[in-house]
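Written below as structure tokens is the structure these notes are about.
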Amino acid sequence: MGIKKYQDRIIYQVYPKSFKDANGDGIGDLRGVISKLDYLKDLGINTLWLNPIFVSPQVDNGYDVSNYYALDEKMGTLRDFDELVKNAHKLGIDVILDFVVNHTSDQHPWFKDALANPDSLYRDYYIWQKGRHDALPNNWGSFFGGSVWEKDPQDEDSYYFHLFDKRMPDLNWRNPEVRRSMIDIAKFWIDHGVDGFRLDAFIHIAKADFAQNMPSHGKKGPQVAEMFFANLPLVQTYLHEFIHNLREYKADLFILGEAASADIDLAVDYTDPKKELCDTVVTFRYFENDQSKLNPALPAFGQPLPLRIDIFKDTMVSWQKRLQGISYPTLYLNNHDLPRILTKVAKNSAHKKAAAKMLATLMYLQRGLACVYYGEEIGMEAAVLDKIEDFEDQQATAFYHEALKAGLAKEEALKMLSESHKMASRTPMQWNHAEYYGFSATKPWKYGKENGVNVADEQADPSSILNYYRQVLHLKQKPLFIEGNFVLEDTSDDLYVYTRMLNDSIAYIICNLCDKTVKYQVKGSLSDKHIVLQNGNLSLDEDNVLTLAPFSSLVFMTE
Ligand code: NOJ
């Protein structure tokens with residue numbers, strides 16, 4: 001059973017390595033996911049997005065694929081996958097796969113052959129350049145640190161291009177054979193029942209002229225050169241060909257594009273149905289850090305910073321309003337590339353529960369596709385990782401050494417990293433009180449000090465975050481919260497207040513974003529409205545002034 005309209009989707013993101021380990025090797029797997037489908041159904045989701053599950057050396061936790069046609073053996077078998085899809089479909093849950101289109105692993109047979117043999121048919125599957133007078137082809141920097149160029153070990157004069165780790169060479173989308181191969185792979189998985197794809201890093205599949213250096217303005221070393229490798233016009237040409245072919249094969253295929261740096265203008269382009277590209281895109285621009293709070297004695301990378309609420313509001317409202325009549329934005333609070341937001345927003349443990357509920361109210365009742373990251377529905381936070389190796393990141397290691405040199409204790413440096421680094425949001429799902437939280441019988445592949453919340457406790461507690469999420473996601477299924485018009489009220493940055501309106505129904509959503517008590521003058525009469533969700537202490541006086549305790553929220557509506 002498929003979802004009729006993409007805007008009805010309520011997505012749950014599973015990081016498969018960390019969701020549920022069924023075979024006891026400390027790494028989550030597909031049988032583990034199968035065993036939790038009823039839990040997901042009960043939560044109220046209808047679409048399951050799995051982070052990469054293909055064969056991979058795991059340099060980047062599966063985003064380095066060495067065989068797109070088979071599952072990583074730690075994940076399970078193709079038969080397990082088919083069973084997962086079948087069982088999910090029985091419950092009315094669609095399955096979407098993370099499809100890595102920009103690069104492969106250096107262990108992929110295409111790359112191995114391209115390296116081994118200059119005349120290989122696969123040489124042109126990748127991007128090669130000659131060095132300039134024994135120097136790198138240009139000064140462009142990789143997202144994972146260092147240059148985007150790595151020497152071809154077989155040919156001292158040549159370099160290959162990698163936007164991420166050097167063990168993840170970029171594919172050459174100029175080559176029609178590459179484009180054809182990617183379509184073939186997608187069709188294979190459609191044949192296995194998948195309902196859509198999350199397109200990883202698709203905004204990078206076209207690159208500009210390599211002769212142009214990035215202006216460095218006096219800074220040393222390679223420079224991240226997004227203007228030359230992100231969102232170029234050719235991306236849309238390649239993407240259209242790809243999607244058009246796939247939609248001819250499966251008309252209602254759902255496409256969620258990862259467009260990390262896309263602004264709203266690009267989001268309009270990428271999701272305008274006339275262009276036949278993505279249904280929706282995820283931007284990372286909702287969540288900007290307050291750089292003014294940086295400690296100048298430490299490197300910027302690795303410092304936990306508060307959110308810029310002003311930017312968050314401006315960005316949210318523009319994505320809400322500009323996409324109206326075009327597409328539906330993706331609504332999310334967390335993902336595997338970000339530190340968990342609850343740790344950032346609420347510092348005082350007494351506020352955590354209210355803050356988790358408030359954030360869900362604020363985000364998911366807006367216009368768009370809710371996308372819940374595993375564990376946020378129980379209030380999981382950034383785990384504190386206690387070894388620098390756990391971050392698997394050269395930039396994190398550099399921060400750590402600088403921090404120690406600057407006089408920080410190891411624990412302090414690791415805590416800072418844990419609060420700011422993506423790796424601390426990828427720890428095991430906390431199912432119950434057992435050792436390793438019921439995730440596995442063995443020590444998990446990634447493990448840190450967690451905040452102790454768990455599913456079993458929250459299932460038994462009517463006032464839990466989990467039960468509140470169920471209510472929010474239940475409301476989200478109403479036409480008012482899918483199609484209703486969105487209007488953000490102009491309030492102080494301590495508050496986030498909006499209405500959703502459809503025909504005669506109207507909902508008011510009032511959220512206190514801060515750790516102080518805030519007052520809000522409710523507009524109009526409340527006599528014809530009723531409260532549908534209440535979180536935290538709130539009181540209303542006879543003049544309709546609402547007093548909201550820290551991080552509390554309220555939803556009331558007519559109807
Ligand atoms: C975006 C993914 O979300 C991230 O985790 C990954 O490292 C890069 N793309 C490279 O595939």
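All ligand and atom numbering here is 1-based and tracks the order in the structure. For reference, positions follow the sequence shown, starting with 1.
- Looking only at heavy atoms of the protein, atom 6 (C) of ligand 1 is closest to Asp60 OD2, 3.3 Å.
- Here the protein heavy atom with the shortest distance to atom 5 (O) of ligand 1 is Asp337 OD1, 2.7 Å.
- The only option from Ile96, Val95, Asp98, Val194 that meets the side chain to side chain contact (heavy atoms under 4.5 Å, CB included) definition with Leu50 turns out to be Val95.
- Applying ring pair (Phe, Tyr, Trp, His ring centres under 6.0 Å) to Trp140 and the options Trp149, Phe210, Tyr159 leaves one that passes, Phe210.
- Counting only N and O atoms by type, the side chains of Tyr6 and Asp94 include no donor and acceptor under 3.5 Å apart.
- Under the 3.5 Å distance criterion, with hydrogens and angles disregarded, a donor-acceptor pair is assigned to the side chains of Tyr125 and Ser181.
- Side-chain N/O atoms of Asn454 and Trp431 include no donor and acceptor closer than 3.5 Å.
- For Lys207 and Trp173, the positive end is not near the middle of the six-membered ring at less than 6.0 Å and at most 45° from its axis.
- The atoms of ligand 1 that sit less than 4.0 Å from any heavy atom of His103 are 10 (C), 11 (O).
- Less than 4.0 angstrom separates some heavy atom of Phe144 from each of these atoms of ligand 1: 7 (O).
- Within the 4.5 Å cutoff, no side-chain heavy atoms of Tyr373 are placed close to those of Tyr332.
- Residue Lys422 places no N or O, backbone or side chain, under 3.5 Å from any N or O of ligand 1.
- Contacts between Phe284 and ligand 1, counted as non-hydrogen atom pairs separated by less than 4.0 Å, are absent for every part of the residue.
- Close contacts of ligand 1 with His336, meaning ligand atoms under 4.0 Å from a residue heavy atom, involve 2 (C), 3 (O), 4 (C), 5 (O).
- For atom 8 (C) of ligand 1, the nearest protein heavy atom (residue, atom name, distance) is Phe164 CE2, 3.7 Å.
- Neither the backbone nor the side chain of His204 has a heavy atom within less than 4.0 Å of ligand 1.
- For the residues Asn102, Asp200, Asn335, the heavy atom positioned nearest atom 2 (C) of ligand 1 is part of Asp200.
- The Arg426 neighbourhood of ligand 1 comprises atoms 5 (O), with distances under 4.0 Å to a heavy atom of that residue.
- Put simply, no part of Phe143 is less than 4.0 Å from ligand 1, judged by heavy atoms.
- Separation of the Phe391 and Phe399 ring centroids does not fall under the 6.0 Å cut-off.
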